[in-house]
There are 2 protein chains.
Amino acid sequence: MNTRFAVATHILVVLHGQDGKPVSSDVIAQSVNTHPALIRRILTQLARAGLTESQLGAGGGALLARPSPSITLRDVYDAVDEDGDLLGIHPGPNPNCPVGRNIQQTLRVEISAAVNALRTQLSQKTIAALAGEILAIS
Amino acid sequence: MNTRFAVATHILVVLHGQDGKPVSSDVIAQSVNTHPALIRRILTQLARAGLTESQLGAGGGALLARPSPSITLRDVYDAVDEDGDLLGIHPGPNPNCPVGRNIQQTLRVEISAAVNALRTQLSQKTIAALAGEILAIS
DNA sequence: TCTTATTGTTACTATTACGGTTACATATAT
DNA sequence: ATATATGTAACCGTAATAGTAACAATAAGA
């Protein structure tokens, strides 16, 4: 993870702005200020999650697969989060210690509750709403 | 970050179990299954946050600086999180694009709301409660 | 006072993750 | 046909992380 969530969100906001017309990874890369291949890598994840689709060939590009008011930042997070290790658990604690033996499963519960709280907060904001805020600034 | 939150929590649970008596980084390291220097590094962060204190010299070690029912997992997260980049924002988006120009500040708001939701969830669980659950298993 | 145990910190290494970059086979519109 | 895109693989450089060793400073206890 790391900036992939931010970049993925950026991509979707751009696509929202051009709704209907496919946008090439080259154009998106210019807005994000990175390289088209990286954009395409993230677009692959978004497409796998059903948020975008792409058209091959000349005049092709990416477009939203669902209306932007139906896409929340939680959807983006989930699309881009492959291994779910926002807060990692340390491997191999001592099994002969009452703490070491059991802390992993107990921590896992707390961490997933915390990450779910984060996801729920993210689900409050849609791409349409976010794009509205962004474009309202200037 | 990454496993530092988990290791820091592990440390505090161990200290909870030995309340009163200082525990050496060596003993803690055996429970975590890592190296004393790493434990001491994290103990430095916990001490800076006022959660632990250490006694130098023979027979010394770390102990809780506050009662374990008053320490929540949010305190641990905050102690160990130095740069607050759980979800990073991509640098240098294109200032000539209406999206690139404004997305950072807008995303920053959403990300900090999300991280605060995660922190609030973590604040629901104290070290004392967590230790209780861990030791109840076996 | 001397010895021993322990911290706090620095420095170095190895491994991994991440973003940047190139390349290219495949597909499609014109 | 040709030009334009995607999707994907491969590789590089940098930064973060964990592991490790070393040592001065400190304090307990004989």
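Naming convention: chains lettered A, B, ... in sequence-line order (proteins, then strands); numbering from 1 in each chain.
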Below 4.0 Å: OP1/OP2 of [N] and any side-chain N or O of [X]:
X     : N      : answer
B:R4  : D:dT17 : yes
A:T44 : D:dT8  : yes
B:S25 : C:dT7  : yes
A:S54 : D:dG7  : yes
A:T3  : C:dG19 : yes

When the distance from [atom1] of [X] to [atom2] of [N] is rounded to whole Å, what number comes out?
X     : N      : atom1 : atom2 : answer
B:F5  : D:dT17 : CZ    : C1'   : 18 Å
B:H90 : C:dG20 : NE2   : P     : 10 Å
B:I42 : C:dT7  : CD1   : C1'   : 15 Å
B:D26 : D:dA21 : CG    : C1'   : 14 Å
A:E82 : C:dC18 : CD    : P     : 10 Å
A:L38 : C:dT22 : CG    : P     : 13 Å
A:I39 : C:dG19 : CD1   : P     : 11 Å
B:N2  : D:dA18 : CG    : C1'   : 11 Å

(request) Please check if any side-chain donor atom of B:H16 sits under 3.5 Å from a side-chain acceptor atom of B:S68, or the reverse. (result)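 A pair is found: one side chain offers a donor N or O, the other an acceptor, under 3.5 Å apart.
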(request) Could you tell me whether B:D75 and B:R66 make a salt bridge, using a distance below 4.0 angstrom between a side-chain N and a carboxylate O? (result)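 Salt bridge present between B:D75 and B:R66.
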(message) Between B:R41 and B:V23, which residue's closest nucleotide on DNA chain C lies nearer the 5′ terminus?
(response)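 Whichever sits nearer the 5' end wins; that is B:V23.
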(message) For A:D83 and B:E53, find the nucleotide of DNA chain C closest to each by heavy atoms; which residue's nucleotide sits nearer the 5' end?
(response)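 Final value for this comparison: B:E53.
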Is there a side-chain contact between [X] and [Y] in this structure, where contact means two heavy atoms from C-beta onward sitting under 4.5 Å apart?
X      : Y      : result
B:R101 : A:I137 : no
B:Y77  : B:T72  : no
B:K125 : B:E133 : yes
A:V13  : A:L135 : no

(request) Could you tell me whether a side-chain N or O of B:S31 sits under 3.5 Å from a main-chain N or O of B:I28, the two making a donor and an acceptor? (result)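 No; zero donor-acceptor contacts below 3.5 Å.
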(request) Quick one, give me the B/S/- string for nucleotides 23-30 of chain C, reading 5' to 3', where B means a protein heavy atom under 4.0 Å from the base and S means that only happens at the primed atoms, P, OP1 or OP2. (result) B---BBS-
